[in-house]
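To start, the structure itself, in C-alpha cells.
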Amino acid sequence: MKHTIAVLVNDQPGVLQRVSGLFGRRGYNIESITVGQSEEEGLSRMVIVTWGDASTLEQIEKQLYKLIDVIKVVDLSSKPMVARELALIKVKAEPSERPEIMGVVETFRAAVVDIGSTSLLVQVVGDTEKIDAMIELLKPYGIKELSRTGVTAMIRGNA
C-alpha cells in the first residue's frame, strides 16, 4: 500500500540525510521526497511517499520520532488529502507535429513553457496518475528529457 507521510523537522544541515538514511538502513524504499520551508520559521516539511503495510508504516513513524530533529509525523494518506506533482517534459517536436502535441498539452491543462527549433518544453501539474498519463501520451513523439518534483501534499479542509 502506498503511504504519503508529512514530517515536520528542524531546518538544520544533515536532517535530510538522517531521514533518508533511516529509510535505507531499515530497507524501506522512498518513492519520492520533497522538502521545503514550512509555515513556521526554523522548521521544514518533508513529504515522503513510500510503500508498505500498516505495520511497516507504524515502524517508519516510530523510527522517525527517534531522530532528534523530527518534530511531528503525520500519515496524510489516512485522511482526505490534496497531492500534487510537477513535471517538465522536453518533447521532440518538428513544426508539423506541434499542433498534435499542443492538443495533448491542452487536454491535460498543461502549458508549453519553452519552444525550441525541434522541441517543446511542457510543464504539467497534477496528481501522479495525471503526470504518468501525460508522459505515456508524449512518449511516441520522443521524450528528450524529463524532470519530476515528487509529490507534495496536505490534508484537506480545517484539519
Side-chain angles (χ1 to χ4, degrees), residues 1-21 23-24 28-52 60 64 69 71-159:
M1 189 170 152
K2 188 188 275 191
H3 298 283
T4 304
I5 305 163
V7 185
L8 198 61
V9 298
N10 288 320
D11 188 6
Q12 298 290 327
V15 174
L16 175 60
Q17 181 182 359
R18 287 189 288 282
V19 169
S20 61
F23 275 75
Y28 306 135
N29 188 43
I30 295 174
E31 184 175 296
S32 79
I33 186 168
T34 59
V35 185
Q37 293 178 332
S38 75
E39 66 283 358
E40 203 169 321
E41 193 171 324
L43 297 180
S44 292
R45 184 176 320 279
M46 294 182 176
V47 178
I48 302 169
V49 178
T50 189
W51 288 86
I60 289 170
L64 284 168
D69 287 308
I71 309 301
K72 186 176 182 182
V73 179
V74 177
D75 176 18
L76 300 175
S77 49
S78 68
K79 301 169 177 68
M81 70 172 180
V82 175
R84 294 291 181 266
E85 184 176 352
L86 176 132
L88 294 175
I89 308 163
K90 188 180 289 183
V91 184
K92 290 181 190 172
E94 294 299 329
S96 61
E97 297 175 310
R98 289 182 184 179
E100 202 173 319
I101 294 169
M102 293 299 289
V104 173
V105 170
E106 289 171 15
T107 300
F108 280 84
R109 295 190 194 138
V112 173
V113 294
D114 186 61
I115 299 174
S117 58
T118 60
S119 67
L120 294 175
L121 183 57
V122 178
Q123 170 186 291
V124 60
V125 177
D127 60 26
T128 300
E129 291 77 19
K130 177 180 177 179
I131 307 290
D132 291 343
M134 181 141 191
I135 290 168
E136 282 304 310
L137 286 174
L138 292 176
K139 274 184 182 175
Y141 300 101
I143 294 176
K144 295 173 90 172
E145 197 172 347
L146 171 66
S147 180
R148 294 175 79 156
T149 61
V151 174
T152 192
M154 288 184 152
I155 296 172
R156 290 185 177 273
N158 298 329

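Taking the side-chain hydrogen bond (donor to acceptor under 3.5 Å, both in side chains) definition, one finds that T4 meets it with nothing, sequence neighbours left out.
Exactly one residue among I89, L86, I131 makes a side chain to side chain contact (heavy atoms under 4.5 Å, CB included) with R148. That residue is I131. Partner of I135 under the side chain to side chain contact (heavy atoms under 4.5 Å, CB included) criterion, chosen from V91, I143, V124: I143.
Taking every heavy atom of both residues into account, G126 and K130 meet most closely at CA-CD, 4.0 Å.
Between R18 and V9, the closest side-chain pair of non-hydrogen atoms is not below 4.5 Å. Counting heavy atoms from C-beta on, the side chains of L137 and F108 come closer than 4.5 Å. Looking only at side-chain heavy atoms (C-beta outward), V82 and M154 stay at 4.5 Å or farther from each other. Looking only at side-chain heavy atoms (C-beta outward), I71 and N10 come within less than 4.5 Å of each other. The shortest distance between side-chain heavy atoms of L120 and I115 falls below 4.5 Å. Counting only heavy atoms from C-beta outward, the side chains of V19 and I48 approach each other to under 4.5 Å. Two residues are said to be in side-chain contact when any heavy atoms from C-beta on lie closer than 4.5 Å; S44 and V15 fail this criterion.
Rounded to the nearest 0.5 Å, atoms CG (L121) and NZ (K144) are 11.0 Å apart. Note that the CD1 atom of I30 and the CE atom of M46 stand 9.0 Å from one another [nearest 0.5 Å]. Between the CE atom in M134 and the CZ atom in R109 there is a gap of 13.0 Å [rounded to 0.5 Å]. To the nearest 0.5 angstrom, T152 atom OG1 is 9.0 Å from L76 atom CG.
In terms of modelled atom types and a separation under 3.5 Å, the side chain of S119 and the main chain of K90 share no donor-acceptor contact. A donor-acceptor distance shorter than 3.5 angstrom exists from the side chain of S32 to the backbone of V151, with no hydrogens or angles considered. Of the possible polar contacts, none joining the H3 side chain to the D75 backbone as a donor-acceptor pair under 3.5 Å is found. A donor-acceptor pair is defined here as one N or O able to donate and one able to accept, closer than 3.5 Å; no such pair exists between the side chain of T149 and the backbone of E85. Listed for the K92 side chain is no donor-acceptor partner under 3.5 Å among the backbone atoms of T118.
For E31, the CD atom is densely surrounded, since the number of other residues' heavy atoms within 6.0 Å is greater than 12. More than 12 heavy atoms of other residues, nucleotides or ligands sit less than 6.0 Å from atom CD of E129.
Salt-bridge formation is detected for the pair E39/R45: a Lys NZ or Arg NE/NH1/NH2 atom is positioned less than 4.0 Å from an Asp or Glu carboxylate oxygen.
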List the atom pairs, donor and acceptor, that lie under 3.5 Å between side-chain atoms in residues 97-106 and the rest of the protein, sequence neighbours left out.
from	atom 1	to	atom 2	distance (Å)
E97	OE1	E94	N	3.3
R98	NE	A93	O	3.1
R98	NH2	A93	O	3.2
R98	NH2	G116	O	2.6
R98	NH2	S117	O	3.1
E100	OE2	Y141	OH	2.7

